[in-house]
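Scroll down for the structure; my scribbles are underneath it.
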Amino acid sequence: MRVRAMNKNAAQKASFSFGANWRRFLNALSEERLENARRSLTGFFEMDNLRGKTFLDVGCGSGIFSHSAFMLGAEKIVSFDVDPLSVECCRFMREKAGSPGNWEISAGSVLDDDYVSTLGTFDVVYSFGVLHHTGRMWEAIKNSARLVAKGGYYYIAIYNRVDGRFGSAFWLKVKRFYNRHPFVGKYILGNAAVLYYFLSILKGFRNPFAIIRNYKQKRGMDWRTDVTDWLGGYPYEFASVEEIFRFMKTNFPDFRLLNVKTVNGRGNNWYLFRRI
């Protein structure tokens with residue numbers, strides 16, 4: 001099987017492993033985090049469960065959302081990731097669920113046409129915070145959207161485009177530095193990011209410790225894991241809400257927007273489309 005995740009130049013410069021970061025995250029996994037992950041799925045879908053639906057997890061990462069789909073009654077789950085450690089994490093979550101026969105996991109890239117062509121179509125195609133890290137985001141969106149069955153759902157999250165001095169272009173440079181200098185960059189930028197986060201919260205007269213303590217309510221995630229993911233996540237692309245809407249209307253006119261959750265800053269905009 002041929003696996004491609006990014007273009008050659010980007011691959012040479014990326015030293016960060018999402019899978020290694022997720023493996024550390026799973027060491028502190030709790031049932032409360034899993035419940036919050038499940039709630040984030042059903043809440044955005046505005047459904048109580050996924051019974052009778054097939055579910056594709058594009059870039060499965062930690063595997064907790066594939067696990068959520070299983071616990072929510074999905075008829076079939078297929079999970080894949082280009083990072084072997086992420087595949088390992090997802091297999092750990094499958095074992096946690098009792099190694100069900102209706103949950104398949106493999107190594108693969110959404111940019112690999114040969115691999116993607118073997119997958120078929122699904123009632124739900126889910127890819128949260130993944131497609132903008134492939135190095136060819138628009139192609140990744142195209143390839144994953146084509147896997148949505150008629151009447152199915154397309155749930156993605158893409159980094160927002162932010163203009164200005166400390167906008168998306170600035171963070172692209174930070175991420176490049178972080179990956180090109182894996183030891184010095186990780187030490188300096190990791191600590192600088194923590195300090196920046198604390199100061200920005202204090203500036204708004206909020207309690208950073210309370211926010212960090214309650215961070216698990218946000219999709220079951222962990223604050224430190226997300227900070228590391230943000231700094232190391234490269235390649236890095238982004239798009240405004242208008243750019244995503246225009247792209248989907250042009251390339252997938254049979255998709256209708258059902259829900260959207262937007263941010264003002266550099267975080268993820270969430271999109272839920274349905275193929276009619």
Non-hydrogen atoms of [X] and [Y] that approach each other most closely:
X	Y	result
Trp103	Ala97	CZ3-CB, 4.0 Å
Val87	Ser106	CG2-O, 3.8 Å
Arg275	Arg146	NH1-O, 4.0 Å
Ala74	Phe55	CB-CB, 4.2 Å
Leu202	Pro208	CD2-CD, 3.8 Å
Arg136	Glu139	NE-OE1, 2.7 Å

Identify whether [X] and [Y] are in the same connected component of the hydrophobic contact network (ILVMFWY, side-chain heavy atoms under 4.5 Å).
X	Y	value
Val148	Phe252	yes
Leu147	Phe247	yes
Phe166	Leu231	yes

Please check if the number of heavy atoms outside Asp254 that lie under 6.0 Å from its CG is greater than 12.
yes

Strictly under 6.0 Å, is that where the ring centroids of Tyr234 and Tyr178 end up?
no

Main-chain N/O of [Y] paired with [X] side-chain donor or acceptor, under 3.5 Å:
X	Y	value
Lys53	Glu75	no
Arg219	Asn36	no
His181	Phe177	yes
Asn143	Val110	yes
Thr228	Arg224	yes
Arg94	Pro100	yes
Ser117	Asp114	yes
Ser127	Ile156	no
Arg33	Met221	yes
Asp81	Cys60	yes

Rounded distance [0.5 Å steps], [atom1] in [X] versus [atom2] in [Y]:
X	Y	atom1	atom2	value
Asp83	Glu88	CG	CD	9.5 Å
Thr225	Arg24	OG1	CZ	7.5 Å
Met248	Phe255	CE	CZ	5.0 Å
Cys90	Glu95	SG	CD	10.5 Å
Ser62	Arg23	OG	CZ	13.5 Å
Leu26	Asn21	CG	CG	10.0 Å

Show the numbers, then the answer: is there a side-chain contact (heavy atoms from CB on, under 4.5 Å) between Ile141 and Ile244?
CA-CA 10 Å; Ile141 293 175; Ile244 294 292; 4.0 Å; yes

Heavy-atom distance under 4.5 Å between the side chains of [X] and [Y], does that happen here?
X	Y	result
Trp22	Ile64	no
Asn251	Trp138	no
Thr42	Asp48	no
Val263	Asn269	yes
Leu131	Ser144	yes
Trp230	Tyr236	yes
Ile105	Met93	no
Val78	Leu119	yes

Carboxylate-amine/guanidinium contact Glu35 Arg38, below 4.0 Å:
yes

Any side-chain donor paired with an acceptor under 3.5 Å for Thr54 and Asp123?
yes

Any side-chain donor near an acceptor of the partner, Thr262 and Asn160, under 3.5 Å:
no

What is the ring orientation for [X] with [Y], classed by angle as parallel under 30°, tilted 30 to 60°, or perpendicular over 60°?
X	Y	value
His132	Tyr159	parallel
Phe16	Phe18	perpendicular
Tyr115	Phe80	perpendicular

Phe128 and its ring pair (Phe, Tyr, Trp, His ring centres under 6.0 Å) partner, picked from Tyr271, Tyr154, Trp270
Trp270

For Arg161, which of Glu243, Glu242, Glu237 qualifies under side chain to side chain donor-acceptor pair (under 3.5 Å)?
Glu243

Dump the intermediate steps for side-chain contact (heavy atoms from CB on, under 4.5 Å) on Lys96 and Phe70, then the final yes or no.
CA-CA 11 Å; Lys96 186 177 179 67; Phe70 172 76; over 6 Å; no

